[in-house]
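Below is one structure, written out as structure tokens; comments come after it.
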Protein chains: 2
Amino acid sequence: MRISAKGDYATRAMQELAMHYNRGPLPIEAIAGRQQIPVRYLEQLLLILKRAGLLESKRGVKGGYYLAKPPNQITVGQIIRLMDGPPAPIFCVDPASHDKCPVEAICGFQSVWDEVHQAVAGIIDKTTLEDVCHRAMLKLEPGAATYRI
Amino acid sequence: MRISAKGDYATRAMQELAMHYNRGPLPIEAIAGRQQIPVRYLEQLLLILKRAGLLESKRGVKGGYYLAKPPNQITVGQIIRLMDGPPAPIFCVDPASHDKCPVEAICGFQSVWDEVHQAVAGIIDKTTLEDVCHRAMLKLEPGAATYRI
DNA sequence: TAATTCTTGACTAATTCAATAGAGTTAGTC
DNA sequence: GACTAACTCTATTGAATTAGTCAAGAATTA
């Protein structure tokens, strides 16, 4: 029932970029350093996020990555689905899976796992990077209600 | 975000035993056959369930496994926790983990993952084997409100 | 005692995951 | 226009986990 390191790294990198939103590109090294992620591994993840349209990048000196959209338009769900696939706890409730369950006719768990799937999806799809930045700022400055761009 | 084959097999085996509750021991082979689980693998899982006090067994002719408690006193959560551990999506919200998150102070995701954890736990801990049997029976005989022991 | 069934621990095979490596390409700057 | 910082892409490795197998043994019943 775990998200992968891939999903963990990607979400944290995106938080970092969200907190830097509108301040120009952020180099991979900077993200990796602050979030304690292996640089070479992070490269791959940022590429995936870029191809999916969540990030844009700029090469050369002063280059780096930046969000393609405002933080309130990117959800945790988008990132997790990209990295780990749908949050279905088992293939039989995964809309992306084409495998047929051999015991579907007698199994009482399908609806249970479907409830779990919907519950998780509900949370990660409603939570945006803006929300996440909020929560991070509240940790740093308890009492602050908003974060500054 | 998946449960393991171990968790899947174990829960289904328990449903099988629940549907057979009060009808005497059910041999491993019978469970494995009906639920399409590799016999040799299932052996191990049933032993774990037995050691945890969820099952009892009887050897020899007419032997097999049977529930140690009524189906309404065994939850899906108990089985899953036994096989896969707590339903925490990441170690930093797993009460059983002693690892310290290196970026805890700046991470906005801890509360998100905790919400997920609680949501999943809420579902699997409230769902009993009796509920699961119900759902299975509804599949077999649409319209039936209860299942027969 | 013979057939049946659970019990135990060791073992192997396969898969997945995380991470690394290296050779390139592009863009900005002096 | 050369230098350098930074992105791009593919391949490979190594470790860890997971799934599944095997063989020998112990208990129970007929």
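All heavy atoms count here, side chains included; hydrogens, waters and symmetry mates do not. Numbers restart at 1 for each chain; the letters A, B, ... are given by sequence-line order, proteins then strands. Keep in mind that this is a model prediction, so the values were computed, not measured.
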- Do A/Y66 and A/I31 share a hydrophobic cluster, counting only Ile, Leu, Val, Met, Phe, Trp and Tyr and linking them when any side-chain heavy atoms are less than 4.5 Å apart?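 Not linked; separate clusters.
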For atom [atom1] of [X] and atom [atom2] of [N], their distance in whole Å:
{"X": "A/I37", "N": "C/dA19", "atom1": "CD1", "atom2": "P", "answer": "10 Å"}
{"X": "A/R2", "N": "D/dT18", "atom1": "CZ", "atom2": "P", "answer": "10 Å"}
{"X": "B/K50", "N": "C/dT5", "atom1": "NZ", "atom2": "P", "answer": "16 Å"}
{"X": "B/L47", "N": "D/dG20", "atom1": "CG", "atom2": "P", "answer": "17 Å"}

- Quick one: label A/I28 by what it contacts on the DNA or RNA (base, sugar-phosphate, nothing), any heavy atom closer than 4.0 Å.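 Sugar-phosphate only.
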- Task: Under 4.0 Å between any heavy atoms, over every strand shown, what does A/R51 touch: base, sugar-phosphate, or nothing? Just pick one.
- Result: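 Sugar-phosphate contact only.
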- Item | Listed nucleotide nearest any side-chain atom of A/Y65, set D/dC7, D/dG20, C/dT5 |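 Closest nucleotide to the A/Y65 side chain: D/dC7.
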- Charged N-O contact under 4.0 Å between A/R12 and A/E16: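 No, this pair does not count.
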- Message: Under the rule for side-chain hydrogen bond (donor to acceptor under 3.5 Å, both in side chains), what residues qualify as partners of A/T127, not counting sequence neighbours?
- Response: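 Result, side-chain hydrogen bond (donor to acceptor under 3.5 Å, both in side chains) vs A/T127: none returned.
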- Task: Please answer whether the main-chain N or O of B/P87 pairs with a side-chain N or O of B/R81 as donor and acceptor at a distance below 3.5 Å.
- Result: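 Side chain of B/R81 to backbone of B/P87, a donor-acceptor pair under 3.5 Å: no, none is there.
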- Item | Residues in contact with DNA chain D, drawn from residues 74-106 of chain B - heavy-atom cutoff 4.0 Å |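 Heavy-atom contacts with DNA chain D come from no residue of residues 74-106 of chain B; none.
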- Protein proximity profile, nucleotides 21-30 of chain D - base contact B, sugar-phosphate-only contact S, no contact -, cut-off 4.0 Å on heavy atoms: BBB--BSBS-
